[in-house]
Protein chains: 2
Amino acid sequence: VATQQTEHPIAIIAGGGSVPLHVANAALSGGRKVLVIGIKGEANPGIDRFAHDWIHFGQMGRLLKLLDDHGAVELVLVGGINARPDFSQLRLDFWTLKNLPEILSIMSKGDDSVLSGTIKMFEARGYTVVGAHEIAADLVSLPGVIAGTKPESNGFDDIKLAISAARNIGKLDAGQAAIVVNGRIVALEAAEGTDEMIARVARLNASGRLKWKGRVGVLAKCAKPQQDLRVDMPTIGPDTVTAVDRAGLAGIAIEARQVMIIERDETRRRAELAGVFIFAVDEREVAI
Amino acid sequence: VATQQTEHPIAIIAGGGSVPLHVANAALSGGRKVLVIGIKGEANPGIDRFAHDWIHFGQMGRLLKLLDDHGAVELVLVGGINARPDFSQLRLDFWTLKNLPEILSIMSKGDDSVLSGTIKMFEARGYTVVGAHEIAADLVSLPGVIAGTKPESNGFDDIKLAISAARNIGKLDAGQAAIVVNGRIVALEAAEGTDEMIARVARLNASGRLKWKGRVGVLAKCAKPQQDLRVDMPTIGPDTVTAVDRAGLAGIAIEARQVMIIERDETRRRAELAGVFIFAVDEREVAI
């Protein structure tokens with residue numbers, strides 16, 4: 001296996017943002033060869049620093065040929081895909097047309113099913129799908145403090161309640177995040193997403209409907225139990241810190257090993273600057 | 001007991017809105033005497049149709065004297081209290097000042113504790129606190145259709161999931177309501193309240209982030225298990241119907257016997273007009 005790994009590149013199928021570049025660097029640092037395959041209209045042009053190529057949406061045949069040409073059997077699917085893909089970038093190649101019934105059947109299901117369907121499609125053809133955090137371990141966190149100081153007493157009670165609430169709505173498949181202030185659950189995430197949920201709490205605070213003194217309260221973010229962490233991880237990043245800061249909350253709690261931290265250095269820098277803590281909770285530390 | 005009930009009036013301590021008037025009418029129709037005690041700045045002036053008197057916030061001594069003078073031992077606490085009471089209407093009478101430590105201790109706790117503390121304070125002095133729906137049974141609903149037609153198949157699946165989600169977040173003491181569209185939980189209520197949650201779904205729909213065809217999806221509203229239904233009921237009313245209509249949802253599901261319907265006739269009229277169903281779910285019909 002070790003021999004095979006050094007011979008065969010790991011293929012990074014890249015959506016938008018900086019994370020695909022980070023994963024490519026981590027793979028190289030780990031002594032792996034990489035092939036970055038950027039999705040046109042999504043991937044960062046910076047992938048040209050690595051052995052790379054481009055595909056359009058709809059070019060599954062071209063993707064499979066690139067993988068075969070380079071002898072890649074391990075894939076990482078990573079990076080953002082816009083909620084509304086740019087369909088001017090859509091190209092349906094022959095393979096895709098031939099396999100359209102299978103693809104449409106996958107696409108017609110919900111988000112989670114599209115991802116698990118995509119994984120199954122690759123696995124059925126002999127490929128292995130690997131999580132980005134399995135290549136770049138620093139995308140996730142071990143238990144402990146990431147920024148600021150570990151909250152004590154009431155602050156830690158808020159963390160425990162927020163993590164428990166986030167896990168509970170995860171079990172319902174509703175959302176991944178919750179906000180607790182002074183022992184009260186003030187927001188639960190569903191379709192609006194984490195950023196909009198934090199903004200709501202900022203508005204409730206600004207309007208006086210929610211009041212607290214100083215920096216208290218915590219945003220918790222957890223994986224849903226049914227989430228496939230190889231292709232779909234809860235994420236936080238610099239913008240999460242800024243939003244939490246604006247809402248007047250004390251910090252962010254994430255589940256250790258299960259939540260991706262985008263641009264970790266910048267995330268930490270902003271958190272330290274704003275006085276916002278980031279703490280990774282050991283799953284054994286907080287009962288649901 | 002029957003004799004005592006006809007001799008002693010039922011005291012209706014009235015906050016704002018039409019429900020206190022409705023309860024007073026229901027008590028009279030049931031052959032009871034009533035004494036409506038309106039809270040200044042909150043209660044509807046229409047209470048002057050009934051045997052009534054007024055108190056200010058802070059006049060607990062005056063309230064207890066009114067109850068004694070009229071021989072009232074059963075109390076209903078009903079009607080809205082503004083989130084920000086008008087403190088120009090505050091009058092601290094001697095009894096209130098003397099018992100300030102007890103009152104402040106009650107006031108310093110959360111919403112639920114204020115209500116249960118208030119009940120305990122009355123009960124410790126020999127009064128019985130009765131729920132408004134125990135006097136006016138039509139404030140709540142038996143299981144079945146209230147407006148429109150009972151949803152079938154997928155529509156009923158949405159109801160079951162929404163009720164289950166609402167009960168789950170109720171167990172967390174976070175909120176009372178949830179919205180489900182086509183098998184997906186799209187909103188969970190916490191501190192923002194039901195109206196704001198429905199408005200959020202309307203915005204997500206208008207912006208295209210949530211899409212559906214025709215009228216589908218349901219708002220569910222349930223009591224929290226720890227809620228004391230005598231003084232604190234989940235409510236829906238005409239404005240709920242209008243909000244649900246604007247969000248493009250198919251209807252409203254409530255728990256039978258546990259959710260108050262304000263202005264039932266107007267609520268039904270608007271629902272029928274808009275084509276929005278209202279359905280009361282038997283607790284045995286939907287497992288959590």
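In this text the structure is predicted, and so the values were computed from the model without any measurement. Here is how names work: the chains are called A, B, and so on, in the same order as the sequence lines, proteins then strands, and each is numbered from 1.
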TODO: Considering only heavy atoms, give the residues of residues 188-205 of chain B separated from chain A by less than 4.5 Å, sorted numerically, with 'none' for an empty result.
DONE: B:L188, B:E189, B:A190, B:A191, B:E192, B:G193, B:E196, B:R200, B:R203, B:L204
Open item on the list: Is it the case that atom CZ in B:R246 sees more than 12 heavy atoms from other parts of the structure closer than 6.0 Å?
Closed with: no
Using a 3.5 Å cut-off and no angle test, enumerate the donor-acceptor pairs between side-chain atoms of residues 253-263 of chain B and protein atoms at least two apart in sequence or in another chain.
unit_1, atom_1, unit_2, atom_2, d
B:E255, OE1, B:A223, N, 3.4
B:E255, OE2, B:R167, NE, 2.7
B:E255, OE2, B:R167, NH2, 3.0

TODO: Count the heavy atoms belonging to other residues, nucleotides or ligands that lie under 6.0 Å from NZ of A:K150, then report whether that count exceeds 12.
DONE: yes
Task: Minimum-distance pair of heavy atoms, taken over all atoms of B:L172 and A:I185 - done: O-CD1, 3.4 Å
